[in-house]
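Reviewing the structure listed below.
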2 protein chains.
Amino acid sequence: MEKEDEPKPDGARDKERPSRRAEILEQARTLFLDKGYAGTSMSALAKACGIQKASLYHHFPSKEALFVACVTEGYDVATRELRRIMNDDELTHEDRVRCALAEIYKITIDSHVGRMSPLIAEVSRQIPEVARAFHDGFIIQQHEIVNAIIDAGIKDGAFVPQDRLGMEHLIFGPIVTLSISRQMFTGLDTLETVFPVEQVRDSHCDLILQLLRKRP
Amino acid sequence: MEKEDEPKPDGARDKERPSRRAEILEQARTLFLDKGYAGTSMSALAKACGIQKASLYHHFPSKEALFVACVTEGYDVATRELRRIMNDDELTHEDRVRCALAEIYKITIDSHVGRMSPLIAEVSRQIPEVARAFHDGFIIQQHEIVNAIIDAGIKDGAFVPQDRLGMEHLIFGPIVTLSISRQMFTGLDTLETVFPVEQVRDSHCDLILQLLRKRP
DNA sequence: GTCTATACAAGGATAGAC
DNA sequence: GTCTATCCTTGTATAGAC
């Protein structure tokens, strides 16, 4: 159990060109998302990168280490915009909810990180550390930001308090499920009618705000 | 002594002895859910069944066919209770929603069929027919039943109409996500505090009914 | 850092005895 | 219907030349 990670790039200076390692990770993420962990071979990854299989082992000591790197890197970038929205004092509380939801839809459906749930489920027993990293580094971050946005609205009297746990699941549940459904049912002709992103998002947002708004 | 010439039940409707084939499917479902499709080998399955690998091929022509059988069989049983609730005229509309939600939580979190989403996502591109079967035979069935329950409530003036697509996602989203989260984060010590089934279910149900109930 | 070549295990699937 | 034995492919990973 020895860690053999490359030194992390602190700034712009690199003792090693980021190109190759970064490209391997990029291709790996795409393949893992498409074929699953066990379904992705190092040969297929090498071919996707245009190099030989053995060369992969110069950058990563094992397939498992490579996968861990895929899953644990890049969370900060994913939630950066969300943090900005949370602190944007020029937005009303309702608009902050709308913008945050739109951003979470974007992250969860479009980004590699957001689409990793089925992948994590596949390997969670085999490589428990990826579940922990995904949970602490990604899931919890998002939940905390959304909670902060709602708390601010309650504090200012714009929102009515609701059960916290239920609201979290009501907000994130439909988004995660939509993302996974779209992965499950890629290729079905009914995909865009049963799982259309914009339409679900807008309707979802309206219903959430119905619950948060003060009523006479 | 080992002759299994069972006295065939007259006029019975058993197309085939359930014993061996059924046991293989049962073990396969457990292994596929635990290790994924590519991560489950025919050798491991044979060992779990206590037979030799070659014997599996007497019952199923290939691993893929075996998997398809795992995914396509058993939907009727899963949604039977849900159908009963829909038609139970002794329940109020609110109670029908409560019972239906409780049943969907049970199906989605406890049953093999309900926990298959990550698995379907893994193989959907490789074996498209399983996605179709899962969608038509399971997902759509549940949605239609829930829609019927809500429609009945609207018709009787107990519920206020809400956007249909949004409500579907608001109802199923948190349940599916909870199921997958519990699969992803099995083993995390915070599992029961962040993803507790009963608590989420009750809170979820209350919020849904807030949206459906008529307000002054 | 990347290559060719290779070690060695495990994968899916088949043949044929019983 | 289950077994043993086997085929061939693919898997991860390593050795060593350049």
Side-chain angles (χ1 to χ4, degrees), chain A residues 1-7 9 14-28 31-32 34-71 119 122-123 126-127 130, chain B residues 1-8 14-29 31-32 34-71 119 122-123 125-127 130:
Chain A
M1 296 257 264
E2 37 196 340
K3 262 213 159 116
E4 307 192 32
D5 254 0
E6 307 282 340
D14 47 353
K15 45 170 59 178
E16 176 183 352
R17 277 191 304 275
S19 58
R20 185 62 84 186
R21 183 190 146 96
E23 190 201 342
I24 292 173
L25 284 177
E26 180 68 15
Q27 296 291 341
L31 279 175
F32 282 139
D34 193 40
K35 311 274 188 184
Y37 175 73
T40 298
S41 68
M42 296 296 269
S43 325
L45 175 56
K47 185 177 286 183
C49 297
I51 59 176
Q52 287 301 311
K53 191 168 47 166
S55 302
L56 294 173
Y57 289 89
H58 174 78
H59 300 276
F60 299 94
S62 68
K63 182 186 179 182
E64 193 169 307
L66 196 161
F67 180 75
V68 170
C70 278
V71 175
L119 198 48
E122 183 197 340
V123 299
Q126 189 183 344
I127 319 176
V130 299
Chain B
M1 181 89 174
E2 335 210 20
K3 273 197 187 171
E4 253 189 283
D5 283 19
E6 44 183 338
K8 68 173 179 194
D14 69 331
K15 16 188 101 164
E16 181 175 352
R17 276 191 300 279
S19 58
R20 185 61 84 185
R21 182 191 146 95
E23 190 199 342
I24 292 173
L25 285 177
E26 181 68 16
Q27 296 290 340
R29 269 187 266 255
L31 279 175
F32 282 139
D34 192 42
K35 311 273 188 184
Y37 176 72
T40 298
S41 69
M42 296 296 270
S43 326
L45 175 57
K47 186 177 287 183
C49 296
I51 60 176
Q52 287 301 313
K53 189 168 53 163
S55 302
L56 294 173
Y57 289 88
H58 174 77
H59 299 276
F60 299 94
S62 67
K63 181 186 180 182
E64 195 169 304
L66 196 160
F67 181 75
V68 170
C70 278
V71 175
L119 197 48
E122 182 198 339
V123 298
R125 247 92 63 183
Q126 189 183 343
I127 318 176
V130 299

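In what follows, every heavy atom counts, from backbone to side chain, and hydrogens, waters and symmetry copies are set aside. All of these numbers come straight from a predicted model, not from anything done at the bench. In what follows, chains carry the letters A, B, and so on, assigned in the order in which the sequence lines appear, proteins first and then strands, with residues in each chain numbered from 1.
The shortest side-chain heavy-atom distance between A:F60 and A:V68 does not fall under the 4.5 Å cut-off.
Looking only at distances, no side-chain donor or acceptor of A:Q27 sits under 3.5 Å from a matching main-chain atom of A:G50. B:K63 places a side-chain N or O within 3.5 Å of a backbone atom of B:T40 that can act as its donor or acceptor partner. Not one N or O on the side chain of B:E122 forms a donor-acceptor pair closer than 3.5 Å with the backbone of A:G39.
Among C:dG12, D:dT12, D:dC3, the nucleotide with an atom closest to any side-chain atom of B:Y57 is C:dG12. You'll find that the side chain of A:K63 is closest to D:dT12, out of C:dG1, D:dC3, D:dT12. For B:S41, counting side-chain heavy atoms from C-beta on, the closest listed nucleotide (C:dG12, D:dA13, C:dC3) is C:dG12. In this structure, the nucleotide among C:dC3, C:dG12, D:dA13 sitting nearest to the side chain of B:S43 is C:dG12. Nearest nucleotide to the B:A54 side chain, out of D:dT14, D:dT4, C:dT2: D:dT4.
Across the protein-nucleic acid pair, A:K53 atom NZ and D:dT14 atom P stand 12 Å apart, rounded to whole Å. Whole-Å rounding puts the B:I51 CD1 to C:dC18 P distance at 21 Å. The interatomic distance linking A:Q52 (CD) with D:dG11 (P) rounds to 14 Å, in whole Å. Taking atom CG of residue B:L45 and atom P of nucleotide C:dG12, one finds them 10 Å apart after rounding to whole Å. Atom-to-atom, CG of A:L66 to P of D:dT12 comes out at 11 Å; the value is rounded to the nearest Å. The distance from atom CD1 of B:I24 to atom P of D:dG1 is 11 Å, rounded to the nearest whole Å. Remark: C1' of C:dA7 and CE of A:M42 are 17 Å apart, rounded to the nearest angstrom. Atom-to-atom, CD of A:E64 to P of D:dG11 comes out at 18 Å; the value is rounded to the nearest Å.
Residue contacts for B:S55: at a heavy-atom cut-off of 4.0 Å it reaches a base atom on one of the strands shown.
B:H59 has a side-chain polar atom (N or O) that falls below the 4.0 Å cut-off from OP1 or OP2 of D:dT2. For the OP1/OP2 pair of C:dT2 and a distance below 4.0 Å, the side-chain nitrogens and oxygens of A:H58 include no atom meeting the criterion. Here B:R20 reaches the OP1 or OP2 of D:dT2: one of its side-chain N or O atoms lies under 4.0 Å away.
In this structure, B:K35 is not positioned above the aromatic face of A:Y37 in the sense of NZ or CZ being under 6.0 Å from the six-membered ring centre and within 45° of the axis.
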